[in-house]
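Below is one structure, written out as structure tokens; comments come after it.
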Protein chains: 2
Amino acid sequence: MIRLGKLTDYGLVLMSQIARRPAAEMHTARDLAVECHLPLPTVSKLLKKLLHSGLLTSHRGIKGGYNLARESQLISLAEIIAALEGPLALTECSMEITGLCDLESLCPIKDNQRIISQVIRGALEKVTLSDLIRPMRLTAIRDQKGNLVPTVSVASGRMQ
Amino acid sequence: MIRLGKLTDYGLVLMSQIARRPAAEMHTARDLAVECHLPLPTVSKLLKKLLHSGLLTSHRGIKGGYNLARESQLISLAEIIAALEGPLALTECSMEITGLCDLESLCPIKDNQRIISQVIRGALEKVTLSDLIRPMRLTAIRDQKGNLVPTVSVASGRMQ
DNA sequence: ATAAAGAGTACTAGAACAGTACTATTTCAT
DNA sequence: ATGAAATAGTACTGTTCTAGTACTCTTTAT
């Protein structure tokens, strides 16, 4: 079951906002709430989740706040989403992967859900937080059938 | 807002089941329900949706049934999912793409949701129904950080 | 000591999904 | 012609889960 809810979107907005500022700066939940136009309790809750997943560091007390645990280029969208939505439906199968699929064994998939999760996950692994905050170029190409296919290309030239 | 619910999964199972059989065969909702172990009313509802989206053809009356509207290689997962979940959150931006982004104009994205939708959509566009029914090879590679990254490679050698 | 910030828990209202039932319409076979 | 089997369409309902909110405790710098 794959899902990107409103809260996850908020979480991404928050992470982007933190990433946009200099790395040394601390960010309080209150400030982030104002900057992102989100209710404070919601922001608090999200930041806590992101903290527990190891994507943020926190400092308590006055002059406290949150900051990125790693550089933004090292944080993938898949990680952020997993932190907020729970493991991206790769629960059971990822267990098997470590044991079986490393050996290129054939996987008798009956659940399509797994394939799809992995395709999506693969795509999200490739996009990092830093890709999200820099302006991206949106191009539309036509496939062999003549349909418009939107393509997201990052400034660095990497293709998704 | 991206979501793959239970019903969408059922829909994919149904499409796979139809695609697995010879193209000439007709498939009644009743048969598919039995074969896929799903309740008949649910199957009916899903098939109707898929029909309206142009992914299936139908024939009424006794000896009626459903069939694929196109060959399975020409039906992408994105299409099936869009048929069952509604347009994959690419509502507004895809409109703009036709006009602006074709010209490689810079897109001042404030909603991350759009980027993500497009990344995911791009990934799902590449996988077809025929990819889904043939056995796939699941491999796990390690990235530069040492994390396991599951990768789905199709028998044809195409990479996702 | 105090004020400001994060940490943790619990509760509530609302929406959306999933499932079901019922009826009409079409078509082939007898 | 008639009946059976199939799709087509609509409406309803219960349950689950999300989103939002409130309150209290702990930590830390001034």
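Residue numbering restarts at 1 for every chain, and letters A, B, ... go by the order of the sequence lines.
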Legend entry - Selection from D:dT21, C:dG19, C:dG6 that lies nearest to any side-chain heavy atom of A:Arg60: C:dG6
Inset, instruction - Ignoring the backbone of A:His52, work out which of C:dT20, C:dA5, C:dG8 is nearest its side chain. - result: C:dG8
Legend entry - Rounded distance (Å) that lies between atom C1' of D:dT21 and atom CG of A:Leu38: 15 Å
Legend entry - Nearest-Å distance for atom pair CZ/P, residues A:Arg30 and C:dA4: 9 Å
Inset, instruction - Would you classify A:Leu51 as touching base, sugar-phosphate or nothing, given that sugar-phosphate means primed atoms plus P, OP1 and OP2, and contacts are heavy atoms under 4.0 Å? - result: sugar-phosphate
Inset, instruction - Indicate yes or no: does A:Glu35 engage A:Arg20 in a salt bridge with an N to O separation below 4.0 Å. - result: no
Legend entry - 5'-most by nearest nucleotide on DNA chain D - A:Lys48 or B:Ile62: B:Ile62
Inset, instruction - Starting from the 5' end of DNA chain C, give me the residue, A:His59 or B:Pro41, whose nearest nucleotide shows up first. - result: A:His59
Inset, instruction - Nearest whole angstrom, please: distance from the C1' of C:dA16 to the CZ of A:Arg3. - result: 9 Å
Legend entry - No-H, no-angle donor-acceptor pair, A:Lys45 side chain to D:dG20 base, under 3.5 Å: yes
Legend entry - From SG (B:Cys36) to CD1 (B:Ile18), nearest 0.5 Å: 8.5 Å
Legend entry - Sidechain-backbone polar pair: B:Glu85 side chain, B:Gly5 backbone, donor-acceptor under 3.5 Å: yes
Inset, instruction - Using a heavy-atom cut-off of under 4.0 Å over every strand shown, decide if B:Lys63 touches base, sugar-phosphate, or nothing. - result: sugar-phosphate
Inset, instruction - Please report, rounded to the nearest Å, how far the P atom of C:dA16 is from the NZ atom of B:Lys6. - result: 18 Å
Legend entry - Residue mapping more 5' on DNA chain D - nearest nucleotide basis, B:Gly65 or A:Leu7: B:Gly65
Inset, instruction - Could you tell me whether a side-chain N or O of B:Asn67 sits under 3.5 Å from a main-chain N or O of B:Glu25, the two making a donor and an acceptor? - result: yes
